[in-house]
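Within every chain, numbering begins at 1; the chains are lettered A, B, ... in the order of the sequence lines, protein sequences first and strands thereafter. Below, all heavy atoms of this structure are taken into account, side chains as well, without hydrogens, waters or symmetry copies.
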Amino acid sequence: MSNITLEGISKSYGDLQAVDDVDLSIRDGELLCLLGPSGCGKSTTMRMISGLETPTSGEVYIGGENVTDQAAYDRDTSMVFQNWALFPYKTVLENVAFGLKMRGDGTDERQQKARDMLERVHMDGYEEHSPTDLSGGQKQRVALARSLAVDPDVLLLDEPLSNLDKRLREEMQIELKDIHKEFDKTFVYVTHNQNEAFTLADRIGIMNDGRLVQVGEPTEVYRNPTNRFVEEFLGDTNFVAGEVTDVNDQYGRLSTEFGATIRVPAADAVEPGASFTVSLRPEFMQIRRSNGANEREGTAARADGTGGDTVVGSVENTIYRGSSIRYVVDTGGEHLFVEQSVTDQTGIEEGEQVELGWNTDDILVFRPDGSRVRDE
Amino acid sequence: MRLESDRLGVAAFRLGYATIFVAMLLPIFIVIATSFSASGNLQFPPEGFSLRWYGAFFADIQWLRAFDNSFIVGIGTTVLATFMGITAAFGLEARKGRLGGLLTPVVILPLLIPPVILGVTLLVYFSALGLQSSYIGIILAHSLWATPLVFFVMQSVFQRFDWQLRDAGMDLGANPIRAFVHVVLPNVKNGIVVSALLAFIISLQEFVMALFLSNFQTQTIPVLAWNSLRQSLTPTVSVVSTFLILISVVGLAVAALAMNIDFVAKRLG
C-alpha cells in the first residue's frame, strides 16, 4: 500500500507562506497531478512528500505510516527532477545504479537491474555515455530509469517534461502513462501545464497561493470548478460581468457590461442588485450567420426556445488554431470568442454579422470574491 | 589625430605595466641567480657559478629541520584549514540560513588584524594553555589566515554547484555523508585541490606569527632565514628562497591546472 495522506501541511520560509494548510489524500496506484501556476507551492508540496523539505506544521503519511520526521533517504519515494539532476561525473549506467548502490546491492546485481531499466526506457546502448552527452529527451529517460530502478512505492515527478519541445513532450506523456500502468505505483506529477495534467492524470489537484483549491477527476474539475481561479486556469474562457436585474423561479437575469441581458442559472442563489461574473466557455457556444432579424449589434438578447440566449455581433478576427478555429466577435464593445471545430466549416469570415448562442445551463456564475454560485 | 593619441596612450600603458612587472620579477631572478654563486658574498651579478651553497644547504641539519618544520606546519594547516573552510562554506551554501550572512564578516576578521598583534595575542594565549612553541600553536595561527581563504574559494565553488544533484542523491537513499562523498565531492574536487594548495602556500611563507610562536626546535623556514640573515648574509638564504619560490610556482601551476580542468568540465557540461 502506498497511498499518501497530507494532513494540514504548511511550509513557510520566513514571511513567505509557500504551502498553506493542505489536506490531500492520494490513492494507492493513482496518478495525481498537482497543477498550478509557478510559485503556487506545488513543488514544495511534492518535496515535502519526498522528505527533501520538512513541513513547518502538519503530518505526512505514506502507506499509513507517519513519515513526517523521516529523512528523504529513508523514504520509499523517488523523484524525477525538472532539470533531471543526473550526476555529471558518472556514466549513464552508474547514474541508474546509484540508488541500488546506496541500498547496498552487489555490483553485478545492480548493474543488471540498471541495464534492464535502461532497456525499458529504450536507452540501452548508452550505458557508458556521460549524461552530459545526451539530448534532453534522453536525459529524461535516464532520470526516469534512475528513479524507477530503486523500485519506489511512490514516484514523484517535478515538471519532468517542461524542458522538452512539444512533440517530444507529448510522446513522453504517452510513455509515462504506459509506465504508470506497467509499474502500478502511485505517481505524483507536478505541472503548470493544464493540457499535460488532463492527458496524464487520474485526478488533478489544483493549487493557488499555497492552497489546494480543488481535487477531482479531470472532467469534474473542468466542468464543475469550485471557483473562478480554477475556471480560468483550466482553459480559455469568456468572463462577462453584470448585475442581476430580476429573478424568476428558473433563471436570474443579468444585465451585462456589453448591454445585453442574459439569463443565468442558479436562480435561488442570486438576488437582484448583486454583481456577478459569468463564464462562457468558447466551446459551449455556437456561432452562425445572423439571419438579419436582429441587426443591432450586441443590444438584443432573446430566448431562442432552447433554454439559452443569443447575442449578435460582428466577427472581428478569425484565428486558425489547427484543429479548431477561434472567432473573436465584437458584440458592441465587449469581445467574446468562440471556438469551432474546423470540420464544422461554417465559412464565416471577418466582418460578417453573426449570432452567438449558448445554453443557460452551461454558464457558470461567480461572485465578486471568485467563489462559485451553485444551483441548489 | 585621435587614433594617434590612443595608440600613444596604449603604448605608454603597456610600457608602464611592463616596468612594474619587471620590477616585481627582478628580485626573484636575482635571488635565484645569487644562489648559484661561487663566492661567499651575496651579490649580483654572482661571482662565478657553483652548486656549493646547495651542498651547504643539504649538509646543514638546521635548514633541513626547518624544512621539516615548515612541511609539518604546512600540512597541518592545510588539513585543518581545508576541513574548516570547506565545512563552513558547505554549511552556508547548503542551508542558506540567516545566520550564514552574519558568519561571512566574522570569517574575514583574522585577515584584517595585523599579524604582529595576532602573534603576540596568540603567544599569551598559547602560553596559558601550554601550547607555546608547539607545532599545534603555529598550525592554529596559520589556520586563522588560511581558513578564510579556503572558505572564500569553496564558497564560490559551492555557489556554482547544482544543489539539486545533492537532493537527487539523498532522494535515492544516500545519507548526508554519502551524498557528500558520492555526489558533491566529484563536482568540487578541483576547488578543494586549489584551496588546499592555497592553504599550504600561505603557511609556508608566513613569517611574523611563526616568529612569535616557534622556538629553535620548531622554527619554520622564514623564521630560520630571518635568524641567519641577522648573523651573516650568505647565499644559503638564496638557496632556501629558490626552493620556496619553486614550491610556490609548482603549487600555483597545479592550482591553475585544476581550475582549468574544472572550467573546461563546466563548459562541456
Within 45 degrees of the axis of the six-membered ring of A/Phe183 and under 6.0 Å from its centre: does A/Arg120 put its NZ or CZ there? no

Quick check on A/Tyr126: does its OH atom have over 12 non-hydrogen neighbours (other residues, nucleotides or ligands) under 6.0 Å away? no

Can you confirm whether B/Phe207 is buried at CZ, in the sense that more than 12 heavy atoms of other residues, nucleotides or ligands lie under 6.0 Å from that atom? yes

What part of [X] gets closer than 4.5 Å to chain B, counting heavy atoms only: side chain, backbone, both or neither?
| X | result |
| --- | --- |
| A/Asn83 | both |
| A/Leu100 | neither |
| A/Arg146 | both |
| A/Lys90 | side chain |

Does A/Asp151 come within less than 4.0 Å of A/Lys185, counting only side-chain N to carboxylate O? yes

